[in-house]
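The first residue of the sequence shown is numbered 1, and numbering continues consecutively from there.
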Amino acid sequence: MGRTLVDSVSFYKRTFVNTLSPVFDADPKQLGDLFTASSGKSLHSQIVAAAQIGKKEIQDTKKLEQKFWENLGDFTPLVLPGAKEFLIKLKEKGLKVAVWSGTRDDVLKKTIEHVSFSPFIDFSIGNRQGSDVFVKGPKLFEVIADHFGLITTELAKTCLVIGDGSGDIEAGKRIGARVGGFGNNNKNDTHLSGADFVFQTYQELLAKFPQVEG
């Protein structure tokens with residue numbers, strides 16, 4: 001949800017750099033570039049990669065993940081123009097909306113409530129702290145499918161995964177779903193090259209959803 005419905009990336013990126021730069025004695029710009037390039041991937045894997053920039057090694061990232069969330073604190077994400085109207089249109093079509101996120105589950109739910117999106121989102125789930133398995137991809141998809149009373153293969157055939165980062169695209173492809181990459185009017189969208197299609201506006205994306213009858 002970092003840049004598909006709301007823009008929280010700037011807050012996350014700044015916190016990532018400020019938290020890890022002194023720990024790994026790593027160049028802040030390199031850390032920032034890493035965070036941008038790995039958008040949508042697990043915080044665990046991002047921290048492991050950050051340690052490598054500082055020529056360090058780390059396996060258990062739980063303490064640093066906790067420090068990241070503490071440093072992030074409370075913030076007000078910017079709702080992207082047209083996002084609420086887009087969600088309303090999806091509900092008018094009779095579609096179910098699920099959010100999976102690299103954000104920790106409790107932080108994700110708080111963000112959804114804070115921006116008043118709760119009425120439009122049927123289910124949400126975030127990454128599990130310290131895990132590189134219970135993250136966006138097959139594991140979280142199992143939880144989503146179970147919530148809707150479906151098997152994963154059935155849901156994968158009927159759902160559309162959307163995201164704005166390489167991690168989002170990879171996660172969608174791992175579960176065998178159709179994937180749309182949100183360029184968000186950013187012409188430099190090579191990081192979305194693995195998507196089935198790339199869209200620049202919510203209006204473009206709405207045309208990809210069928211009307212659900214009954």
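Geometrically, K96 does not engage F148 in a cation-pi contact defined by less than 6.0 Å to the ring centre and at most 45° from the axis.
Using a distance-only test at 3.5 Å, with no hydrogens or angles considered, a donor-acceptor pair links the side chain of E204 to the main chain of Q200. Between the T4 side chain and the F182 main chain, no donor and acceptor come within less than 3.5 Å of each other. A donor-acceptor contact shorter than 3.5 Å is absent between the side chain of S21 and the backbone of N18. A distance-only check finds no donor-acceptor pair linking the side chain of D7 to the backbone of L78 [under 3.5 Å]. Of the possible polar contacts, none joining the K136 side chain to the S101 backbone as a donor-acceptor pair under 3.5 Å is found.
Residues in residues 100-111 take part in these salt bridge (charged side-chain N to carboxylate O under 4.0 Å, His left out) pairs, two or more places apart or across chains: D74-K110, R104-D106, D105-K109. Applying the salt bridge (charged side-chain N to carboxylate O under 4.0 Å, His left out) definition to pairs two or more places apart or across chains, none involves residues 152-163.
No path of Ile, Leu, Val, Met, Phe, Trp and Tyr side chains, each step under 4.5 Å between heavy atoms, connects V107 with V135, placing them in separate hydrophobic clusters. V97 and F117 fall within a single hydrophobic cluster, where Ile, Leu, Val, Met, Phe, Trp and Tyr are joined by side-chain heavy atoms under 4.5 Å apart, directly or via other members. Both V99 and I88 are members of a single hydrophobic cluster when ILVMFWY side chains are connected at heavy-atom separations under 4.5 Å. Note on F141: it clusters hydrophobically with I169, by side-chain heavy-atom contacts below 4.5 Å among ILVMFWY residues.
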Exercise for review: Under the side chain to side chain donor-acceptor pair (under 3.5 Å) rule, what do N71 and T19 come out as? Steps first, then yes or no, please.
Suggested key: CA-CA 7 Å; N71 289 346; T19 300; 2.9 Å; yes
Practice item. Could you please spell out the steps behind the side-chain contact (heavy atoms from CB on, under 4.5 Å) verdict for I58 and L64? Key: CA-CA 10 Å; I58 186 171; L64 282 177; 3.6 Å; yes
Practice item. Might you work through the side-chain contact (heavy atoms from CB on, under 4.5 Å) test for T15 and W69, ending with a clear yes or no? Key: CA-CA 8 Å; T15 302; W69 295 116; over 6 Å; no
Check your understanding: Run the salt bridge (Lys or Arg N to Asp or Glu O under 4.0 Å) check on D122 and K91 step by step: do they pass?
Key -> CA-CA 10 Å; D122 298 283; K91 303 312 292 180; 2.6 Å; yes
**Study point:** Chi angles and distances behind the side chain to side chain donor-acceptor pair (under 3.5 Å) call for Y12, S39
**Key:** CA-CA 10 Å; Y12 281 65; S39 176; over 6 Å; no
Check your understanding: Stepwise, does the side-chain contact (heavy atoms from CB on, under 4.5 Å) test hold for V143 with F123?
Key -> CA-CA 10 Å; V143 180; F123 185 68; 4.0 Å; yes
Exercise for review: Give the intermediate values and the outcome of side-chain contact (heavy atoms from CB on, under 4.5 Å) for residues F16 and L43.
Suggested key: CA-CA 9 Å; F16 184 81; L43 182 56; 4.1 Å; yes
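Here the shortest heavy-atom pairing between L206 and K89 reads CD2-CB, 3.7 Å. In this structure, Y202 and P81 approach most closely via the heavy-atom pair CE1-O, 3.3 Å.
With contacts defined as side-chain heavy-atom distances shorter than 4.5 Å, the pair F134/L140 qualifies. Contact annotation: the side chain of K56 approaches that of D25 to within less than 4.5 Å [non-hydrogen atoms, C-beta and beyond]. Looking only at side-chain heavy atoms (C-beta outward), L205 and I162 come within less than 4.5 Å of each other. Put simply, the side chain of F24 reaches to within 4.5 Å of the side chain of I47, judged on heavy atoms. Taking the side chain as every heavy atom from C-beta outward, F209 and L160 approach each other to under 4.5 Å. Side-chain contact check for K67 versus K63: every heavy-atom pair is 4.5 Å or farther apart.
Between K41 and D168 no salt bridge is recorded (no basic side-chain N to carboxylate O distance below 4.0 Å).
Side-chain polar atoms of Q46 and S38 form a donor-acceptor pair below 3.5 angstrom.
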Below 3.5 Å, can you tabulate the donor-acceptor pairs from side chains in residues 26-33 to any protein atom, sequence neighbours excluded?
residue: D27; atom: OD2; partner: K29; partner atom: N; Å: 3.4
residue: D27; atom: OD2; partner: Q30; partner atom: N; Å: 3.0
residue: K29; atom: NZ; partner: D33; partner atom: OD2; Å: 2.9

